[in-house]
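Beneath this line is the structure, given in structure tokens, with notes to follow.
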Amino acid sequence: MSARLAEVAAPDFDLALTLSCGQLFHWQRQGTGWVGAIGDKACYAEQRGDALFVTRGMEEIARRYFALDHPLAEIYATFPRDPAMDAALAACRGMRIVRQPHWECIASFITSAQKAVPHITQISHTLRTRFGKRIGDGPLFAYPTPDALAALEEDDLRACALGYRAKNLLRAARQIASGEVSLTAITKLDDDSAHRELMRLGGVGPKVANCALLFAFERLAAFPIDVWIERVLRQIYFAKKRRVTAARLRDYAAKYFGAYGGYAQQYLFHHARTSRPQKS
DNA sequence: ACCCAGGGGCAAG
DNA sequence: CTTGCCCATGGG
């Protein structure tokens with residue numbers, strides 16, 4: 001096995017945490033490591049201390065995908081110092097915001113609406129195996145392209161347990177396949193314009209647009225607010241206020257967490273979900 | 001601005 | 001086994 005692996009320096013990195021914190025839905029444990037598709041390439045990855053061992057030939061691709069160039073120490077230094085943030089950092093040190101392929105990320109989060117991680121994982125797997133391109137002769141499939149999905153009918157997607165999300169995913173795929181929305185153009189827009197443009201896609205509202213900005217478009221200030229992070233914000237930062245509007249939460253988060261707000265959000269999010277028994 | 005439908009997995013009964 | 005719960009988006 002080792003002969004087929006190459007070493008990549010990976011200080012300040014926690015592979016398992018990065019793969020399991022709710023930003024990716026298709027990596028699977030295999031032996032002492034993980035297997036998954038990075039775009040249309042298969043990758044095995046295994047962490048041993050400060051080193052990451054990946055499928056030979058995938059070193060550069062993995063380094064970029066796992067964002068091993070993000071300056072974690074510098075990012076942590078921008079985090080606000082308060083008990084909630086300190087606890088989240090202590091629990092999630094080494095978690096990185098990865099660089100996902102644009103469409104794969106957008107589509108995954110369209111299908112994630114009102115869903116728990118296991119089901120999102122199931123949907124991703126079904127869509128890949130039915131409509132994605134098989135990678136080599138192995139068990140992995142790339143995420144289906146906008147063109148592949150655009151050619152389907154809504155019932156084909158409903159058959160993958162998407163429910164009402166089928167219509168949204170189909171619409172988004174067709175908007176991109178037709179050129180009505182250009183993901184390449186979005187990469188060149190400022191954060192607010194990119195957010196607005198993403199929201200033109202079916203099934204993409206403020207939260208999903210922010211997930212895409214953060215996990216795929218390298219906008220590390222993007223701060224997705226879902227019910228979990230909203231609970232954290234309300235309970236910890238707005239404990240005394242009874243009624244707080246969504247706009248107020250959003251503006252507060254943008255100011256309070258700053259340029260790397262997306263990192264802060266993901267740490268608070270994962271910590272909230274894993275440290276409490278359930279709910280709150 | 002508020003209200004609620006909606007699909008399927010899963011926890012609770 | 002059956003019922004109730006979960007929740008982002010979009011349309012009323």
Side-chain angles (χ1 to χ4, degrees), chain A residues 20-26 28 100 102-131 146 149 152-176 180-181 186 192 194-217 219 222-235 238 241-254 261-262 265-266 268-270 272-280:
Chain A
S20 309
C21 68
Q23 60 181 327
L24 292 163
F25 305 101
H26 68 286
Q28 298 177 307
Q100 295 185 42
H102 300 143
W103 168 246
E104 176 179 324
C105 180
I106 293 165
S108 293
F109 279 93
I110 288 173
T111 65
S112 82
Q114 283 188 281
K115 281 287 155 222
V117 171
H119 192 195
I120 304 167
T121 302
Q122 177 59 45
I123 290 170
S124 170
H125 183 258
T126 306
L127 290 175
R128 285 171 183 275
T129 53
R130 290 195 188 171
F131 308 120
L149 294 183
L152 301 174
E153 296 304 326
E154 185 177 326
D155 283 350
D156 298 323
L157 293 176
R158 284 193 172 255
C160 301
L162 267 73
Y164 61 87
R165 300 160 200 79
K167 189 177 180 184
N168 292 333
L169 183 61
L170 184 60
R171 170 144 184 257
R174 289 180 175 171
Q175 284 174 291
I176 290 166
E180 180 186 338
V181 174
I186 288 173
D192 286 346
H195 190 256
R196 274 196 300 276
E197 192 65 10
L198 284 166
M199 288 194 15
R200 291 177 55 211
L201 294 167
V204 178
K207 190 267 183 180
V208 171
N210 271 328
C211 286
L213 285 179
L214 178 60
F215 301 132
F217 289 87
R219 309 306 174 94
F223 196 96
I225 299 179
D226 74 326
V227 288
W228 286 91
I229 209 71
E230 183 169 334
R231 275 182 206 132
V232 172
L233 293 179
R234 283 183 191 277
Q235 290 178 3
F238 288 93
K241 305 280 187 181
R242 290 187 132 266
R243 297 187 303 130
V244 183
T245 64
R248 179 88 191 284
L249 284 173
R250 182 194 63 212
D251 294 345
Y252 174 83
Q265 183 273 355
Q266 197 61 16
L268 289 168
F269 171 83
H270 186 68
R273 296 201 62 154
T274 53
S275 65
R276 296 182 212 188
Q278 269 303 308
K279 311 191 168 83
S280 78

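Each chain gets a letter, A, B and so on, in the order its sequence line appears, and its residues count up from 1. The basis for the numbers below is simple: all heavy atoms, side chains too, and nothing from hydrogens, waters or symmetry mates.
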Quiz item: If every non-hydrogen atom of Pro224(A) is compared with every non-hydrogen atom of Lys207(A), which pair is closest and at what distance?
Solution: CB-O, 4.0 Å

Rounded to the nearest 0.5 Å, how far does [atom2] of [Y] lie from [atom1] of [X]?
X         : Y         : atom1 : atom2 : answer
Arg174(A) : Leu149(A) : CZ    : CG    : 10.0 Å
Arg248(A) : Arg234(A) : CZ    : CZ    : 10.5 Å
Asp155(A) : Leu162(A) : CG    : CG    : 12.0 Å

Quiz item: With a 4.5 Å limit on heavy-atom distance, are the side chains of Val181(A) and Ile186(A) in contact?
Solution: yes

Practice problem: State, yes or no, whether a side-chain contact exists between Ile120(A) and Ile123(A) at a heavy-atom distance under 4.5 Å. | Solution: no

Quiz item: DNA chain C: Val204(A) or Val227(A), which has the more 5' nearest nucleotide?
Solution: Val227(A)

Quiz item: So what does Ile120(A) touch, heavy atoms closer than 4.0 Å: a base, only the sugar-phosphate, or nothing?
Solution: nothing

Separation of [N] [atom2] from [X] [atom1] (nearest whole Å):
X         : N       : atom1 : atom2 : result
Trp228(A) : dC6(C)  : CH2   : C1'   : 10 Å
Ile110(A) : dG10(C) : CD1   : C1'   : 13 Å
Leu198(A) : dT9(C)  : CG    : C1'   : 15 Å
Lys167(A) : dG10(C) : NZ    : P     : 11 Å

Exercise. Using the test salt bridge (Lys or Arg N to Asp or Glu O under 4.0 Å), find all partners of Arg171(A) that sit at least two apart in sequence or belong to another chain.
Key: none

Quiz item: What pairs with Arg200(A) under salt bridge (Lys or Arg N to Asp or Glu O under 4.0 Å), at least two apart in sequence or on another chain?
Solution: Glu180(A), Glu197(A)

Exercise. Describe, in one word, how the ring planes of Phe238(A) and Tyr252(A) are oriented to each other, choosing from parallel (under 30°), tilted (30 to 60°) and perpendicular (over 60°).
Key: perpendicular

Self-check item: For Phe215(A), all residues meeting ring-ring contact (aromatic ring centres under 6.0 Å, His included), sequence neighbours excluded
Solution: Phe109(A)

Quiz item: What one-letter contact string describes nucleotides 7-13 of chain B from 5' to 3', where B marks a base within less than 4.0 Å of any protein heavy atom, S marks contact via sugar-phosphate atoms alone, and - marks no contact?
Solution: BBSS---

Exercise. Taking only heavy atoms on the protein side, list every residue of residues 205-217 of chain A lying under 4.0 Å from any atom of DNA chain C, sorted numerically.
Key: Gly205(A), Pro206(A), Lys207(A), Val208(A)

Quiz item: Taking atom types as modelled, is there a side-chain donor on Gln122(A) or Thr126(A) under 3.5 Å from an acceptor on the other?
Solution: yes

Practice problem: Only stems of 3 or more consecutive Watson-Crick or G-U pairs count here, both distances under 3.5 Å; name the ones for DNA chain B, or none. | Solution: B:2-5 with C:9-12, B:8-13 with C:1-6

